[in-house]
Amino acid sequence: MPDTPAIPTLEPRDFIREIVLEDLKSGKHDHVVTRFPPEPNGYLHIGHAKAFCLDFGLALEVPHSRCHLRMDDTNPVKEDVEYVESIQEDVRWMGFEWGQHFYYASDYYEQLYGYAVELIEKGLAYVDELTADQMREYRGNLTEPGKESPFRNRSVAENLTLFARMRAGEFGEGEAVLRAKIDMAHPNLIMRDPTLYRVLKAHHHRTGDDWCIYPMYDFAHPLSDAIEGITHSLCSLEFENHRPLYDWFVNHCSVPAKPRQIEFARLNLTYTVMSKRKLQQLVAEKLVDGWDDPRMPTLSGLRRRGYTPAAIRKFIETIGLTKFNSLTDVALLEYAIRNDLNASAPRVMAVLDPVKVVITSYPEHQVEEMEALINPEDPSLGTRIVPFSRELYIERDDFMENAPKNYFRLTVGQEVRLRYGYWIKCQEVIKDPSGQIVELRCTHDPATRGGENPPDGRKVKGTIHWVSAAHAIPSEVRLYDRLFSVEQVGDDFTSLLNPESLKIIPNALLEPSLAMAQPGDRVQFERIGYFCADTKLSKPGKPVFNRTVALKDPWAKAKG
RNA sequence: AACUCCGUGGUGUAACGGUAACACAGCGGAUUUUGGUUCCGUUAUUCAAGGUUCGAAUCCUUGCGGGGUUGCCA
């Protein structure tokens, strides 16, 4: 079964769906066309997923609707095909399809040029030869109006010629721009004669050297939306100030449609950063192991970490959609993945920090094949075989000398259950000269085979996991934790990295059923957490597991 | 304090003039061959002050607090 979202009908779950519902009811639209327009200058992160789950989700919810995937590639100096490909892969992985509707803003360069000419002809745009510094000066500031450029009142004919010469490459970078003629005293600085085109003698990843002038986002974006017949153009809050300009272009150019821009708050998560610039920097400075480092909030990172698209979608549904800035507790995300994996992940036993146990009462060369549930949440999934023998390994944490009364695991004289094994009692602790425990000598009760309760009605408080020493497979296990050590990560973020965000355990011991784990396989190490065979480092026969998320651990809290 | 958007438990959200609710987190308990899961219970909320109204989280005014905006980035 492909991992795609269920198709719900449109409900007023948030203010945007309310607007769409209203537009449908009023007859303004009888279907919707949305778009997800990333700039291909970085990898997509979970914040982008919030946006495109809305864009694609809406198209799924309203009959006869569609969502376009459009590369907003108007700045060739920052963009790259590597990103175009990763974006498509990540959107698909999340379960969405755009069909034939894959576009580039660069598809529209010629049309966009035509709209610019139209504005010039209407006397609404002019070629300005102020330098960047002068333009800044002329713009004024938050409290003072700007003043008009001396080039502002050139004739239409002159502007037409100049703009054609810009296109022809007769101006160097910074020597001329095309600006809209709006209002240099507008209280919204965005409206003080914004730049439409700048000269960039750069090679574009698709149009090559065809162009040396490139449209600005504010100009290209609304018109691209209009060209594609977008009905609802959904974007994040920082574009709120740009909406008047968006509407200005759509109203002054002869476009086939008038899309409506609606803004919503972007996602912020505790203990991580969610800006492309910062993520870019983490990668460039090698503070992480690439865009798909499992600690990254990128979709490729979350995928490698073991997150499922369904859990991410569920999370996004849970956090809702509003117009106010917030900081979402990453615990909500962790809940979503635990909840998903609890239902679906096969259970296995793995010992991360092994200490040897010898069952002195158990025959030397005997091996029993124990039956263990694949997933107790769904016994119909059947069982797997786990070999049991005289020499085992258990978790070092699962034994304690002089344990407090609320310690339920193995101590001298306290019986515990070996899951799917036997009940054992520790008789003797063997230490090396440094005092380190090297072996626990135990006896077992043959009446508890499979870990079952004995007929005498005896009870046991603790159940611990184990692996058979002779059958265990050594494996590298990577324990990932939050990337940053503070909830709210500011601008000096590189100094706030969590030094414990990755702990590599070179020699964990796994039960033999895991020997041939395929990269990407997700399992639960019982009593520890959910793990995923790494897609880059893991090979059948030589698995490497990443911790996706730990199981809740009340004992860790109880002992302080 | 120029303009603009926005303020609901610890966190994310709902309530659309009529008993402030849900999820997560926390706490307590039950069940449990995972100290997991599940189940039950529980703590805690409308930024402030005025106004309109029989009745305000919701409408109005003012104040306070937060975000965005002075790129030839998106």
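Just the heavy atoms: all of them, side chains too, but no hydrogens, waters or symmetry mates, feed the values below. First the proteins, then the strands, lettered A, B, ... as listed; each starts at 1. Quick caveat, the model's predicted, so the values are computed rather than measured.
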- Message: Please pick, from B:G68, B:C3, B:A23, the nucleotide with the shortest atom-to-atom distance to any side-chain atom of A:N241.
- Response: B:G68
- Nearest to the side chain of A:P554, which nucleotide is it out of B:G35, B:U33, B:C72? B:G35
- Looking for any heavy atom pair under 4.0 Å, which part of the strands does A:T270 touch: base, sugar-phosphate only, or nothing? nothing
- Would you say the side chains of A:H465 and A:R347 form a donor-acceptor pair under 3.5 Å? no
- Item | Nucleotide nearest A:E526 when distance is taken to its side chain, options B:G12, B:U69, B:U34 | B:U34
- Message: The side chain of A:K78 is closest to which nucleotide in this list: B:G12, B:C73, B:C6?
- Response: B:C73
- Task: Return the nucleotide paired to B:G26: Watson-Crick means purine N1 to pyrimidine N3 with N6-O4 or O6-N4, wobble means G-U with N1-O2 and O6-N3, both under 3.5 Å.
- Result: B:U42
- Message: Return the pairing partner of B:G65 with a 3.5 Å limit on both distances, Watson-Crick or G-U wobble; otherwise return none.
- Response: B:C6
- Item | Flag, side chain of A:T448 to backbone of A:D445, donor-acceptor distance under 3.5 Å | yes
- Message: If I take atom CD in residue A:Q488 and atom P in nucleotide B:G12, what distance separates them, rounded to the nearest angstrom?
- Response: 10 Å
- Query: Between atom CD1 in A:I190 and atom P in B:A74, what is the gap in whole Å?
  - Reply: 12 Å
- Determine the contact category for A:P145: base if any of its heavy atoms lies under 4.0 Å from a base atom, sugar-phosphate if only primed atoms, P, OP1 or OP2 are that close, otherwise nothing. nothing
- Message: Which is more 5' along RNA chain B, the nucleotide nearest A:D73 or the one nearest A:T143? Just name the residue.
- Response: A:T143
- Message: Less than 4.0 angstrom from a charged side-chain N to a carboxylate O is my criterion; do A:R266 and A:E238 meet it?
- Response: yes
- Message: Is it the case that the side chains of A:T143 and A:N141 hold a donor-acceptor pair, with the cut-off being a distance below 3.5 Å and no angle test?
- Response: yes
- With the side chain of A:L551 defined as its heavy atoms from C-beta on, choose the nearest nucleotide among B:G26, B:G36, B:U13. B:G36
- Note on the structure: Testing B:A74, B:U69, B:G35 for proximity to the side chain of A:Y407, the answer is B:G35
- Task: Apply side chain to side chain donor-acceptor pair (under 3.5 Å) to A:D193 and A:Y126, showing your working.
- Result: CA-CA 9 Å; A:D193 288 12; A:Y126 62 100; 2.7 Å; yes
- Query: More 5' along RNA chain B: A:F15 or A:R417, using each one's nearest nucleotide?
  - Reply: A:F15
- Message: Once you apply a heavy-atom cut-off of 4.0 Å, does A:N141 come out as touching a base, just sugar-phosphate, or nothing?
- Response: base
- Check every strand shown and say whether A:Y197 touches a base, only sugar-phosphate, or nothing at a heavy-atom separation below 4.0 Å. nothing
- Note on the structure: Given the options A:Y108, A:Y109, A:Y197, A:Y214 meets ring-ring contact (aromatic ring centres under 6.0 Å, His included) only with A:Y109
- Query: Can you tell which of B:A2, B:A74, B:G67 lies closest to the side chain of A:F239?
  - Reply: B:A74
- Message: Less than 4.0 angstrom between a side-chain N/O of A:K552 and OP1 or OP2 of B:U37, yes or no?
- Response: yes
- Parallel under 30°, tilted from 30 to 60°, perpendicular over 60°: which one fits the rings of A:Y217 and A:H221? parallel
- Message: In whole Å, I'd like the distance from the CZ atom of A:R482 to the C1' atom of B:U11.
- Response: 13 Å
- Task: Could you tell me whether the phosphate oxygens of B:C3, OP1 or OP2, come under 4.0 Å of any side-chain nitrogen or oxygen in A:R192?
- Result: no
- Message: Side chain of A:T328 only, heavy atoms from C-beta on: which candidate in B:U34, B:G12, B:A74 is closest?
- Response: B:G12
- Message: Strictly below 4.0 Å: does A:T318 bring a side-chain N or O up to OP1 or OP2 of B:C24?
- Response: no
- Message: Taking any heavy-atom pair under 4.0 Å as a contact, classify A:Y335: base, sugar-phosphate, or nothing.
- Response: sugar-phosphate
- Item | Between C1' of B:C72 and NZ of A:K201, the distance in whole Å | 14 Å
- Check if the side chain of A:Q524 and the base of B:U34 share a donor-acceptor pair of N or O atoms closer than 3.5 Å. yes
- Item | Nucleotide opposite B:C16 in a Watson-Crick or G-U pair, distances under 3.5 Å | none
- Would you indicate what A:M135 reaches in the nucleic acid, counting non-hydrogen atoms under 4.0 angstrom: base, sugar-phosphate, or nothing? base
- Using a heavy-atom cut-off of under 4.0 Å over every strand shown, decide if A:R409 touches base, sugar-phosphate, or nothing. base
- NA contact type, A:L189, heavy-atom cut-off 4.0 Å: base, sugar-phosphate, or nothing? sugar-phosphate
- Note on the structure: Regarding the side chain of A:R139, the nearest nucleotide among B:C73, B:U70, B:U11 is B:U70
- Message: Check A:K323 with A:E263, please: is the shortest side-chain N to carboxylate O separation under 4.0 Å?
- Response: yes
- Task: Using atom CZ of A:F408 as one end and atom P of B:U31 as the other, report the distance to the nearest whole Å.
- Result: 13 Å
- Task: Answer yes or no: side-chain N or O of A:E263 and base N or O of B:G68 forming a donor-acceptor pair under 3.5 Å.
- Result: no
- Item | Any N/O donor-acceptor pair, A:E18 side-chain to B:C16 base, under 3.5 Å | yes
- Message: Only pairs with both distances under 3.5 Å count, Watson-Crick or wobble alike; so what is the partner of B:U34 in this structure?
- Response: none
- Note on the structure: Taking B:U34, B:C5, B:C73 as options, the one with an atom nearest any side-chain atom of A:E240 is B:C5
- Query: What's the CG-P distance between A:N188 and B:C3, to the nearest Å?
  - Reply: 12 Å
